[in-house]
Amino acid sequence: MSDGTDSPHTLAADDESTHRDFWAETIADEIEARDPDEPIVVKGGVSPSGVAHLGNVNEIMRGYFVAEVLRDRGHEVRQVFTSDDKDPLRKLPRKLADADGNIVGLGEVDAGALGRNLGKPYTDIPDPFGEADSYAAHFAALLEADADRLGVPIEMRSNTELYADGTFDPVVSHVLANAETAREVLSEYQAKVDEDYVPFNPVCEECGKLTETVTNIDLDAETVDYVCTDMEVGDNTIDGCGHEGTASFREGKLPWRFEWPGQWQVLGVDFEPFGKDHAEGSWPSGVDIAENVLDIEPPVPMVYEWFTLNGEALSSSAGNIVTVTELLDLLEPEVVRYFFALDPKKARDLDLSRLDQLVDDYDRFERAYYGTVDDESVTEFAEASYPYVVDAVADDKPIRLPYTFAAVLGMVDDRDLRIKLAKDEGHIPDDADESTVEAALARVEKARNWAERMDNAYNYRLQTDLPDVEFDESVQAALDALAAFVDAGHDGEEIQAAIYDTARDHDIEIGDLFEAGYRLFFDETQGPRLGEFLGELETEFVVGRLRRER
RNA sequence: GGGCUGGUAGCUCAGUUAGGGAGAGCGUCUGGCUUUUAACCAGACGGUCGGGGGUUCAACUCCCUCCCAGCCCGCCA
């Protein structure tokens with residue numbers, strides 16, 4: 001039985017560990033204190049669901065930072081991720097992601113085929129998209145692709161494979177040989193564990209579903225006898241076929257409470273982060289089982305808080321999900337990694353409508369690393385974590401366009417004009433070389449996608465038709481004068497200056513004239529540097545628009 | 001009901017590990033730059049550090065209690 005000192009809240013700072021500026025270093029300290037064998041194994045795991053969402057990525061990234069810190073300290077580290085794909089499909093997912101990471105509804109795939117396979121292991125269910133070997137393989141590929149997009153090398157391990165190739169044999173044999181002890185330990189945590197409980201769920205050879213009723217264990221033959229009974233799943237029941245049969249130790253699986261510690265044993269896991277849902281249930285029983293059934297040392301744990309999306313819990317059924325693919329359309333990978341480098345103890349909200357704020361935070365974090373932020377705590381955190389957040393630390397701080405400014409540039413398609421506007425605003429140095437410019441402009445596409453997806457104040461384009469506008473006489477007169485100036489042939493800079501002069505000449509607020517201009521061309525009240533922009537457009541069009549004629 | 005983890009400015013968050021000045025960015029407002037247009041500079045406004053109590057010369061920090069949020073305490077994972 002656990003002695004109650006195994007709190008998984010490793011970062012709770014109630015111990016005597018030395019202070020670290022980056023939480024992953026604190027965890028790395030804990031792991032090193034165990035003097036682990038090399039390579040050090042960092043594990044995560046997930047049950048295949050319909051969509052590889054950011055909750056799964058959370059687990060990948062938390063492990064990644066710890067792995068990277070350990071590698072930096074000279075250790076060899078493997079980051080393993082188990083796909084717990086021998087678990088049964090318990091209910092139909094509402095949403096699925098296709099091989100490219102695009103979310104589709106259940107109606108767009110062969111839902112009937114999925115429904116007929118309720119209760120079977122994910123690896124025994126066909127890929128609804130008809131491409132991969134199984135439902136499980138499809139999902140695992142998605143997750144691996146996401147990790148790859150984020151630059152995180154993970155080793156995906158199929159749980160089904162661990163049974164099939166015999167890796168799990170010693171654990172299953174040991175648990176069943178010590179079934180009585182296993183029952184006693186687990187019964188401390190699960191009230192329904194009675195004397196008939198057997199910690200093994202065979203796959204029915206007749207219908208292919210996982211069953212729970214084992215009637216006999218033959219340790220010598222390494223088989224169990226079973227009856228394929230009904231399985232309760234939430235409010236529903238998955239019917240068993242009633243078949244009575246015999247299964248080998250490889251033709252079934254351990255219940256999760258035993259399987260998790262079993263993975264620690266067979267994979268030699270030294271560290272595993274997990275969501276707070278496991279903190280009070282699976283973890284204490286897992287520690288107990290590891291120590292008193294399997295006789296192994298559990299890994300260093302770390303509980304991370306869940307985060308919310310747009311203020312609401314992540315929910316595929318409610319449609320409140322975002323995939324890595326989608327997120328990387330909106331953000332640079334380093335910004336996504338930064339989000340997960342922040343304190344895991346804090347529940348954070350990823351608010352897509354305010355990604356500009358997240359990116360601003362990232363930019364400040366980056367500046368702090370390069371020593372130009374007068375804030376000790378941010379700087380300490382940046383110095384400790386920034387090298388793990390970016391692909392490679394550049395000698396000089398990368399040029400970063402403010403995200404909202406990048407969104408402004410996104411309405412302009414012409415690359416040269418983007419560069420000109422950015423330079424005019426001082427966001428790109430005049431003498432920047434081509435690769436620097438290219439890198440800085442990469443954010444524009446992300447911000448543009450954001451503006452379109454959010455359909456926010458930055459989502460505007462040049463209005464091809466005259467917007468519905470109304471100006472008072474003095475503004476109309478100023479616009480006419482400006483039109484005449486443009487018609488006479490002047491470049492952008494001159495037009496920009498003329499806007500100021502014209503406003504003064506007509507005794508109107510400069511801001512009012514700018515707003516009138518933005519109204520006419522974008523049907524907005526703000527926009528890019530107007531004169532420079534108008535200078536790039538066709539003169540005839542600009543003149544006509546300024547005169548409210550077209 | 002019990003347990004765990006959070007609660008700091010309008011927003012996003014540092015700071016709590018060793019008790020001593022409540023902070024940053026963004027936003028807002030004001031002023032400046034004889035070109036303010038998602039730009040820059042300066043300044044201001046803004047918080048009973050979730051509430052209350054206790055310990056202490058001193059509490060965001062330690063203790064107790066209450067409130068709020070999420071999770072766990074059935075099954076499953």
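Owing to the predicted nature of the structure, the values given are computational and were not obtained by experimental measurement. In what follows, every chain begins at residue 1, and chains take the letters A, B, ... in the order their sequences are listed. Values reported hereafter were calculated over all heavy atoms of this structure, with side chains retained and with hydrogens, waters and symmetry mates removed.
A side-chain N or O of T160(A) and one of D85(A) form a donor-acceptor pair less than 3.5 Å apart.
Rounded to an integer number of Å, the gap from CG of D491(A) to C1' of rU35(B) is 14 Å. A straight line from CZ of F381(A) to P of rA14(B) spans 9 Å, rounded to a whole angstrom. In this entry the distance linking CG of D363(A) with P of rG25(B) reads 15 Å, nearest Å. Spacing between atom CH2 of W283(A) and atom P of rU5(B) amounts to 15 Å, rounded to whole angstrom units.
Here rG25(B) is the nucleotide among rC71(B), rG6(B), rG25(B) with the atom lying nearest to any side-chain atom of R364(A). Side-chain proximity of S47(A) to rA77(B), rC72(B), rA14(B): nearest is rA77(B). Considering only side-chain atoms of Q190(A), the nucleotide from rC76(B), rC72(B), rA38(B) that sits closest is rC76(B). Residue I510(A) places its side chain closer to rU36(B) than to any other of rU36(B), rG6(B), rG3(B). Relative to the side chain of Q357(A), the nucleotides rC11(B), rU34(B), rA14(B) differ in distance, and rC11(B) lies closest.
Within 4.0 Å (heavy atoms only), K276(A) reaches at least one base atom of the nucleic acid. Among the heavy atoms of the strands lying under 4.0 Å from W306(A) are primed sugar atoms or P, OP1, OP2 only; no base atom is included. Within 4.0 Å (heavy atoms only), R257(A) reaches at least one base atom of the nucleic acid. Here R504(A) lies in heavy-atom contact (under 4.0 Å) with sugar-phosphate atoms only. Counting non-hydrogen atoms under 4.0 angstrom, E493(A) reaches nothing in the nucleic acid. Residue-level contact check: K253(A) touches the backbone only, with heavy atoms under 4.0 Å from sugar-phosphate atoms and none from bases.
The nearest heavy atom of RNA chain B to E259(A) and to L358(A) marks one nucleotide each, and the one closer to the 5' end goes with L358(A). Nearest-nucleotide positions on RNA chain B place D361(A) closer to the 5' end than the other of D361(A) and V408(A).
A donor N or O paired with an acceptor N or O is found under 3.5 Å between the base of rA77(B) and the side-chain atoms of S282(A).
H490(A) and F485(A) have parallel rings, their planes meeting at less than 30° on a 0 to 90° scale where 60° marks the start of perpendicular.
For the C1' atoms, the distance linking rG6(B) with rA42(B) amounts to 38 Å, nearest Å. As rounded to the nearest Å, rG31(B) and rU36(B) have C1' atoms that lie 13 Å from one another.
For E445(A) and R418(A), the salt-bridge test passes: some basic side-chain N is under 4.0 Å from an acidic carboxylate O.
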